Amino acid sequence: MNRTDTGRFLALLIGYLGVQALLIGLRGGVYFGYHEADMIHLASLTMLEVEGQVAHLDFSTPIGEWSFSPISYLVRAGMGLGQAMLWSQWAVALLIAPALAWICWSRFTFWPSVAVALVVLSLPLALVYGTTEIFLSLSMHYNRWAWALAFLTVPVVLFPPVQGRAGDWADAAVLGLPMAMLVMIKLTYAVALAPACILGLLLSGRARVLLRALILALAVLAGITLVHGPGYWVAYVEDLLGVMESEVRSHPGPSFARILLSPAYTLGTLAGLAAVFLLRAIPGRGTSGLTLLIFLPGFAYIAYQNYGNDPLWLAMLGITLLGLPGPEADPDRERILRSLGAAMLVLIGPVMLNLGYSPIRHALQPEAPYEQVLPGHPDFQVLSRRMAGTSVARAWEGSPSQSVTTQNLTLLEEFDGKPLPDCALETGLLPYFQVMSARMAQSEALAGRMPFVADSFSPHWLFLGWAPLPGGTPWYYSGLPGYENAQHLLVPHCVTNTKVRTIVLGQVDPETLNLVEENELYRLYEIKR
């Protein structure tokens, strides 16, 4: 871009961030209507850190610490939980903006730069997880944040700066610092992208950029090690391995093969391969084509690891090809390549549109049908109909959902010589936790101490105002995290996941337990040490 276009672009960038800040200020909190389990999970992660705990060291989670530490910092500073969630997203967008400005100035003309900025910044600021589902939620926000950071690597690695705008340290910073952030947000992104970043820079003769990027990334990670100690990384890896070995959820969707070659994804895969062949056929673009070929498996793996499996990489690759930097070496083939980029944008367009205008919908939605979720957090609200009631499923019978009750449920699973109801929650998760927490508050045996709960997750301490279970986990994947620190085991009659309850109880010795309380909602056992 020339000086005039650069000024216009920076003005638009600042204006866009300003409008987004206004939308956040108008709403004053989070009002969500979907994936309440994920929202409570995020609240648990945040408040655990507010309590002074450190991810992986003090509680088990495969989610990187920087996914929720910006939120916890704002809560510690006095901001409400809902506001902190929204402003943390804005802070991530603000952090990305300088890198985005460098990439656009060094590689694109004005209008492609605007498109790149809109695509990248819409990701951290969105209030939907993806797909075309319109219900608002910050669920799995870390996937969006990570995609935005990953998008910075694509144009930097695929294409060097246009002539006269080389900046090895700038390219290294835009590549190395986001990769370090990906390690701290969601490690799978960094692992999936690293081969293409390394080989792409070596193949294009930019080894100096690679070396400097490595220095910057390692400097950030060394700083983390100084703060938390080497054991932090051991604990982080153990948490990740726990997910990989999990019987509950080793991956959140279709198989890797289906992500590549199923009806929903085949066109995107073919478009990516076609871009590889075209780049290889254009003089001077061959290295970019080979680099893209190395990128594609990483893109597919990231989509495979993310709930919803959106191939968001099509958006950044599409815009990069549409605004292809550098002189045209083969005008006819480059026009075809740009057309292919436009086709990629059409394929992913509905998803990006949903992400892009979700903050507007959030700011303009009425307040009336929402209500507070957690005590002490009035700016964290959910659609009232998600609090209206609870239904349960009995898969063994195939019967329809009904109001929650443990009466008349056939007792199938057995533990401690007594049968348990085969009951799983379908809807009304939040009111069920509220009722359960109210009953726990009356328990003389618990006396304000959080038990180990045999279920997918146990956010009851947020509803009760109790201290969390030391060494526990906001979401269950494997093992018995925190069990060694618990004085009681709570076995719900109706759970969010019956398989988790079965796995947990299969690892517990009934001979070490003493039943101290039983009611229509749960059994409570004292753990004999």
Side-chain angles (χ1 to χ4, degrees), residues 96 99-100 102-109 112-113 115-117 119-120 147-163 165-168 170-176 178-179 182 189-190 192-210 212-213 268-269 271-302 311-330 333-345 348:
I96 287 174
L100 200 54
W102 163 255
I103 290 171
C104 291
W105 179 80
S106 63
R107 285 166 171 83
F108 298 110
T109 55
S113 295
V116 167
V119 165
V120 175
W147 268 123
L149 292 166
F151 278 9
L152 299 177
T153 69
V154 175
V156 170
V157 175
L158 280 182
F159 303 103
V162 295
Q163 189 173 4
R165 300 200 175 177
D168 287 351
D171 271 4
V174 170
L175 179 62
M179 288 295 283
L182 287 176
Y189 280 75
L193 296 172
C197 292
I198 294 170
L199 294 175
L201 291 175
L202 291 176
L203 290 170
S204 60
R206 289 183 287 163
R208 187 165 55 184
V209 173
L210 173 61
R212 291 175 176 178
T269 301
L273 291 173
V276 169
F277 293 135
L278 279 170
L279 284 169
R280 292 289 292 167
I282 297 172
R285 305 281 194 196
T287 300
S288 298
L290 185 56
T291 302
L292 177 57
L293 181 62
I294 305 169
F295 261 125
L296 290 180
F299 291 153
Y301 183 76
I302 293 172
L312 292 177
W313 57 271
L314 286 170
M316 189 59 192
L317 182 57
I319 285 180
T320 299
L321 296 179
L322 196 60
L324 205 60
E328 292 191 353
D330 189 332
R333 285 175 176 162
E334 294 211 359
R335 276 194 292 269
I336 297 173
L337 197 60
R338 290 188 176 91
S339 299
L340 187 60
M344 291 179 179
L345 294 178
I348 200 64

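Counting begins at 1 with the first residue of the sequence. The structure displayed is predicted, hence computed values, not measured ones.
- Side-chain atoms of M316 and V116, non-hydrogen and from C-beta on, do get closer than 4.5 Å to each other.
- Screening I302, V119, V120, L182 for a side chain to side chain contact (heavy atoms under 4.5 Å, CB included) involving W147 leaves a single residue, I302.
- Side-chain contact between L296 and W313 is present, with heavy atoms from C-beta onward closer than 4.5 Å.
- No side-chain heavy atom of L314 sits less than 4.5 Å from a side-chain heavy atom of L345.
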Anything under 3.5 Å between a donor and an acceptor, one on a side chain of residues 195-205, the other on a protein residue two or more places apart or in another chain? List them.
unit_1	atom_1	unit_2	atom_2	d
S204	OG	G200	O	2.9
S204	OG	L201	O	3.2
S204	OG	R206	NE	3.1

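- For the atom pair F151 CZ and L149 CG, the distance stands at 11.0 Å (nearest 0.5 Å).
- Note that the CD atom of E334 and the CZ atom of R285 stand 4.5 Å from one another [nearest 0.5 Å].
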Exercise for the section: Could you give me the CA-CA distance, side-chain angles and deciding distance for D330 and R335, then say whether salt bridge (Lys or Arg N to Asp or Glu O under 4.0 Å) is met? Expected result: CA-CA 9 Å; D330 189 332; R335 276 194 292 269; over 6 Å; no

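- For T109 against P112, the heavy-atom pair with the smallest separation is OG1-CD, 3.2 Å.
- Of all heavy-atom pairs spanning R280 and L290, the tightest one is CD-N, 3.6 Å.
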Problem - Derivation and outcome, side chain to side chain contact (heavy atoms under 4.5 Å, CB included), residues M179 and T153 - result: CA-CA 8 Å; M179 288 295 283; T153 69; 4.2 Å; yes

Practice task
Would you sort out whether I282 and L337 count as a side chain to side chain contact (heavy atoms under 4.5 Å, CB included), showing the intermediate values?
Solution key: CA-CA 10 Å; I282 297 172; L337 197 60; 4.2 Å; yes

Exercise for the section: Could you walk me through whether L158 and F295 pass side chain to side chain contact (heavy atoms under 4.5 Å, CB included), step by step? Expected result: CA-CA 9 Å; L158 280 182; F295 261 125; 4.2 Å; yes

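- Rounded to the nearest 0.5 Å, atoms CG (L210) and CG (L175) are 7.5 Å apart.
- Minimum interatomic distance between P161 and R107 (heavy atoms only, all atoms of both residues): CD-NH2, 3.3 Å.
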Exercise for the section: Please step through side chain to side chain contact (heavy atoms under 4.5 Å, CB included) for the pair T320 and F159, ending with a clear verdict. Expected result: CA-CA 9 Å; T320 299; F159 303 103; 3.6 Å; yes

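- Between A275 and L292, the closest heavy-atom pair is CB-CD2, 3.7 Å.
- Nearest heavy atom pair, residue L340 against residue L278, reads CD2-CD1, 4.1 Å.
- I336 CD1 to F277 CZ: the interatomic distance, rounded to the nearest 0.5 Å, is 14.5 Å.
- Here the straight-line distance linking atom CE of M344 with atom CG of L322 works out to 11.0 Å at 0.5 Å rounding.
- Closest non-hydrogen pair, C104 versus S113, comes out as CB-OG, 3.3 Å.
- Side-chain contact between W102 and D171: present, with at least one pair of heavy atoms (C-beta onward) separated by less than 4.5 Å.
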